[in-house]
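Have a look at the structure below before the remarks.
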Amino acid sequence: MAEGEEIYTEIVQSSLPVGRVKRIMKLDKEINKINSEALFVITNATELFVKFLAEKSSEVAIEKKRKTIKLEHLRIAVKRHQPTADFLLDSLPMPPPAQISAKTDRSRKISDNDSVPVGTRRIDSFFQKGP
Amino acid sequence: MQRGGGFHGYHRLPIHPTSGLQQTDMKLKLPEMMNTNNPSTDDNECTVREQDRFMPIANVIRIMRKILPPHAKISDDAKETIQECVSEYISFVTGEANDRCQREQRKTITAEDVLWAMSKLGFDDYIEPLTVYLHRYREFDGGERGSIRGEPLVKRATDPGPYGMTSFVPAFHMGHHHNGFFGPASIGGFLKDPSTAGPSGPTAVAGFEPYAQCKE
């Protein structure tokens with residue numbers, strides 16, 4: 001890079017459309033006005049959040065030796081970050097019920113061998129390889 | 001695509017103009033922050049088009065691709081869920097910012113409200129980079145939105161102007177360079193020690209000098 005020949009953009013421009021961000025904000029009827037700086041900050045924060053979800057989900061997928069990031073990887077990633085889990089975990093689509101009961105049965109057997117209360121689900125029951 | 005009834009208010013409706021669909025939809029919990037106890041708001045909910053409630057999926061995926069390993073794939077349900085998570089996030093932070101705004105009896109949400117909300121909700125890691133972007137926004141985006149992009153800063157090598165810096169990289173391009181976007185090291189690497197930044201001579205800086213813009 002020769003001195004003085006770089007071309008850089010000065011403004012920060014998110015990949016996300018601010019108009020859409022604003023529309024989503026306004027879905028809440030309690031919101032009155034948002035100044036443009038606030039909109040700018042939220043838009044960029046949202047982009048950071050997307051990157052965060054991508055990075056953490058990807059880590060989980062890699063742990064499980066998968067190339068495809070799946071919903072379960074996202075769920076685990078969300079759980080691992082407390083502030084995100086607090087608001088997001090309940091919103092994620094439920095895992096298929098058949099899987100849950102099968103895992104619960106299996107984990108109950110395991111937990112009988114340990115000295116934990118019956119019916120406790122081990123955390124790794126969530127991490128069983130699914131179909 | 002029908003979903004289990006977990007998602008607060010952002011359920012995916014088939015493209016349907018009528019509000020009759022509301023009753024047939026799955027158990028739907030509206031988030032507390034939306035404060036929707038009256039049915040008229042429910043009607044408004046389902047007449048909002050899906051594209052108005054979510055960020056465009058192409059944009060979301062594009063951002064993710066900056067972070068993910070080159071051959072990573074994302075399942076369709078993960079993509080859609082992330083799209084919904086994004087809307088939840090926006091609403092969540094906005095609601096908190098709005099609460100503060102109202103407590104202080106103001107009507108307009110400001111950047112400070114948003115930053116405060118993020119800190120309160122546990123997203124402290126974002127505060128630093130957002131503050132940097134905000135300063136740049138205040139410096140440059142006042143009247144130059146969109147038009148300055150790509151304009152060369154060649155002059156700055158010899159004429160530092162009022163800013164005292166010659167070059168810096170748009171923050172979001174950081175994603176290209178490493179996957180550990182949120183590692184403490186990467187944030188630290190991005191933000192130079194503020195005590196060394198600031199209007200100085202026409203030194204050519206190959207790295208980042210975001211705090212050069214800060215007039216604290």
Side-chain angles (χ1 to χ4, degrees), chain A residues 1 3-17 20-21 23-25 27-35 37-38 40-42 44-55 57-58 61-62 67-71 73-74 78 82-84 86-88 90-94, chain B residues 3-4 6-8 33-35 52 55 59-60 62-64 67-68 72-75 77-78 81-82 85-92 94-95 98 107-111 114 118 121-123 126 130 133-134 136-137 140-141 148-150 152-154 157 167-171 175 181-182 204:
Chain A
M1 284 198 305
E3 193 178 301
E5 284 184 14
E6 299 94 352
I7 295 176
Y8 292 109
T9 56
E10 291 177 312
I11 58 171
V12 177
Q13 225 169 37
S14 174
S15 298
L16 298 172
R20 187 72 64 90
V21 174
R23 236 181 285 166
I24 293 171
M25 290 169 85
L27 288 175
D28 180 349
K29 300 302 175 201
E30 298 227 335
I31 307 290
N32 288 312
K33 291 183 178 187
I34 308 147
N35 78 10
E37 283 187 357
F40 171 82
V41 173
I42 289 244
N44 285 296
T46 304
E47 176 154 347
L48 291 176
F49 185 64
V50 171
K51 290 181 174 176
F52 163 77
L53 288 181
E55 184 186 355
S57 305
S58 173
I62 289 170
K67 286 199 178 131
T68 302
I69 297 173
K70 305 184 91 68
L71 189 47
H73 305 155
L74 177 63
V78 165
Q82 195 61 53
T84 303
D86 285 347
F87 84 92
L88 202 53
D90 292 340
S91 305
L92 297 178
M94 302 298 289
Chain B
R3 288 178 182 267
F7 209 68
H8 293 175
M33 70 186 70
M34 295 193 65
N35 201 19
D52 292 338
M55 299 309 298
N59 300 57
V60 172
R62 195 183 314 142
I63 295 170
M64 294 179 70
I67 297 293
L68 295 177
K73 298 180 178 15
I74 314 163
S75 73
D77 58 356
T81 304
I82 289 180
C85 291
V86 166
S87 295
E88 278 283 320
Y89 179 76
I90 291 170
S91 297
F92 185 54
T94 304
N98 193 44
K107 291 216 168 120
T108 306
I109 299 177
T110 64
V114 174
M118 304 200 62
L121 298 172
F123 293 94
Y126 297 26
L130 290 174
Y133 306 158
L134 181 60
R136 266 198 253 156
Y137 177 83
F140 295 112
D141 272 45
I148 204 171
R149 197 177 188 98
L153 301 181
V154 173
S167 65
F168 61 99
V169 176
F181 187 85
F182 283 93

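Below, read A as the first sequence line, B as the second, and so on, with proteins coming before strands; counting in each chain starts at 1. Worth saying up front: this structure is predicted, and the values here are computed from it rather than measured.
When side chains are defined from C-beta on, A/R20 counts as touching B/M55, because their heavy atoms get closer than 4.5 Å. A 4.5 Å side-chain heavy-atom check between B/I109 and A/I42 finds every atom pair outside the cut-off. No side-chain heavy atom of A/V50 sits under 4.5 Å from any side-chain heavy atom of B/Y89.
For the set A/N32, A/N35, A/D86, the entry with the most heavy-atom pairs within less than 4.5 Å of chain B is A/N35. Of the listed residues (B/T110, B/I74, B/V114, B/D52), the one with the most heavy-atom contacts under 4.5 Å to chain A is B/D52. Each of B/A72, B/G122, B/A111, B/A78 has some count of heavy-atom pairs under 4.5 Å with chain A, and the biggest count is that of B/A111. Ranked by heavy-atom pairs shorter than 4.5 Å toward chain B, the options A/P17, A/S57, A/S58, A/A61 are led by A/P17.
Residues passing the side-chain hydrogen bond (donor to acceptor under 3.5 Å, both in side chains) test with A/T84, sequence neighbours excluded: A/H81.
Salt-bridge check for A/E55 with A/K51: failed, with every basic side-chain N at 4.0 Å or more from each acidic carboxylate O.
Of the two parts of A/L16, the backbone and the side chain both hold a non-hydrogen atom closer than 4.5 Å to a non-hydrogen atom of chain B. Using a 4.5 Å cut-off between heavy atoms, B/L121 touches chain A through its backbone atoms (N, CA, C, O) alone.
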